[in-house]
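The block underneath contains the structure these notes are about, expressed in structure tokens.
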Amino acid sequence: MYSKQKPYNKIGFVDSGLGGLTVFKKVKKLMPNKEYIYFADSANVPYGSKTREQMIKISENIVRFFNEQQIDLLVVACNTLTSIALSHMRSIANFDIIGVVEYGVKSALQTTSNKKVGVIATKATVDNGLYKKLLEQNDIEVCQSACLDFVGFVEEDCKDKEKILKKVEEYLKPIVEFGADTIILGCTHYPILIEYLKEYTGENITFVDPADSLSEDIYEICGNYQNKCDIKYYVTKNPSDFKINGSKIIGEPIENVTEME
Ligand code: DGL
């Protein structure tokens with residue numbers, strides 16, 4: 001289990017593609033001197049339209065990969081994978097694992113005043129309902145919205161503002177009408193679209209990114225004790241797209257990318 005005693009020097013991150021970099025970036029900012037392995041499962045993106053059975057199989061391949069890499073801790077930087085497969089992954093992994101969902105819930109509980117929270121996420125995360133369940137256990141009213149096109153906008157580096165804003169309105173309107181004062185960015189790709197989201201909602205709604213409390217928590221546990229940074233990236237498809245688009249997200253060149261079979 002996740003332990004507040006361990007040093008966790010070798011840390012893995014996994015997502016279907018670029019989204020997990022929004023989490024990795026925040027962790028790396030607090031702890032620049034660690035050994036990191038980022039795994040982008042680009043051959044299987046989007047996870048959000050996969051079935052539970054498909055995701056369980058994918059999760060087993062991911063754990064096998066990280067078992068071989070002998071990491072200390074895995075950050076599941078993907079809400080879909082966290083919602084569906086976290087406990088299964090924990091049961092077969094040789095390392096500790098944390099996911100993003102509990103941090104999204106924690107931050108939303110601290111942020112909301114009217115106890116009405118919106119969750120925007122992939123279809124698979126919305127259908128799974130983990131966010132809804134955990135929030136409702138804390139007497140929060142929840143309105144969820146599956147934002148089907150958002151992951152594609154990010155992966156393709158879409159800059160068509162009109163097209164994006166049209167979809168933002170379609171997906172967020174029910175949450176605005178519901179009266180939420182807080183929206184959880186329940187997919188790690190979505191922080192990249194934050195300007196479009198805020199342009200639609202205005203100032204009255206606060207967006208929470210689970211990566212903020214997650215990165216603070218990891219920092220508290222691991223600290224930045226090592227004196228060197230080592231980052232390796234693994235992708236299952238399109239390494240050059242990952243390098244180009246990923247560098248923009250993380251704000252520095254991405255090197256050391258290996259394409260997996
Ligand atoms: N970024 C992931 C998430 O947080 C997965 C997006 C996808 O591949 O559909 O859910």
Side-chain angles (χ1 to χ4, degrees), residues 12-27 38-59 61-62 74-89 97-108 118-134 144-158 164 167-168 171 183-194 196-197 207-215 233-238 241-242 245-246 248-250:
F13 285 77
V14 62
D15 183 41
S16 59
L18 297 167
L21 290 173
T22 62
V23 184
F24 177 46
K25 184 180 177 179
K26 288 187 174 170
V27 172
Y38 185 96
F39 180 88
D41 192 8
S42 34
N44 286 310
V45 69
Y47 280 174
S49 56
K50 301 260 181 308
T51 63
R52 186 176 184 280
E53 289 66 34
Q54 287 171 317
M55 287 309 301
I56 292 293
K57 211 163 180 187
I58 285 170
S59 78
N61 291 335
I62 292 165
L74 177 65
V75 178
V76 181
C78 171
N79 293 266
T80 310
L81 194 57
T82 302
S83 299
I84 296 172
L86 194 73
S87 42
H88 181 61
M89 292 171 81
I97 308 184
I98 55 170
V100 270
V101 173
E102 65 173 288
Y103 292 98
V105 171
K106 186 175 142 188
S107 303
V119 177
I120 53 171
T122 66
K123 183 174 183 312
T125 300
V126 166
D127 289 349
N128 173 277
L130 182 62
Y131 267 117
K132 190 169 188 300
K133 185 176 121 191
L134 296 175
Q144 300 192 98
S145 181
C147 306
L148 305 187
D149 302 83
F150 283 3
V151 169
F153 290 153
V154 172
E155 290 291 326
E156 287 150 27
D157 197 23
C158 177
I164 298 173
K167 285 292 168 185
V168 168
Y171 298 138
I183 294 180
I184 298 174
L185 297 165
C187 170
T188 54
H189 282 72
Y190 299 177
I192 297 159
L193 302 173
I194 192 70
Y196 302 105
L197 300 172
F207 287 90
V208 301
D209 180 353
D212 288 324
S213 52
L214 180 145
S215 53
Y233 296 92
Y234 291 85
V235 300
T236 50
K237 202 176 169 186
N238 293 338
D241 287 358
F242 180 81
N245 296 331
K248 289 182 206 160
I249 294 168
I250 209 154

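In listed order, ligands and their atoms are each counted from 1.
Using a 4.0 Å cutoff on heavy atoms, S16 counts as a contact of ligand 1.
Open room surrounds NZ on K57; 12 or fewer heavy atoms of other groups in view lie less than 6.0 Å from it.
Any N or O atom pair closer than 3.5 Å counts here, and G48 shares at least one such pair with ligand 1. On a distance-only criterion, D15 and ligand 1 share at least one N/O pair closer than 3.5 Å.
Between Y171 and F150, the gap from one ring centroid to the other is short of 6.0 Å.
The heavy atom nearest to atom 6 (C) of ligand 1, considering only D41, T22, V151, is found in V151.
Residues D212 and V208 are not in side-chain contact: their nearest non-hydrogen atoms beyond the backbone lie 4.5 Å or more apart. Residues Y233 and L21 meet the side-chain proximity criterion, which asks for heavy atoms closer than 4.5 Å.
For atom 3 (C) of ligand 1, the nearest protein heavy atom (residue, atom name, distance) is N79 N, 3.3 Å. Annotation: atom 10 (O) of ligand 1 to nearest protein heavy atom, T80 OG1, 2.6 Å. Y47 N, 3.2 Å is the protein heavy atom nearest to atom 7 (C) of ligand 1.
Without hydrogens or angle criteria, Y103 side chain to I98 main chain gives no donor-acceptor distance under 3.5 Å.
For ligand 1 and V45, the ligand atoms under 4.0 Å from any heavy atom of the residue are 8 (O).
By the criterion of a heavy-atom distance under 4.0 Å, the side chain of T122, and not its backbone, is placed next to ligand 1.
D209 is linked by a salt bridge (charged side-chain N to carboxylate O under 4.0 Å, His left out) to K26, counting only residues two or more places apart in sequence or in another chain.
Atoms CG and OG1, from D15 and T80 in turn, are 8.0 Å apart once rounded to the nearest 0.5 Å.
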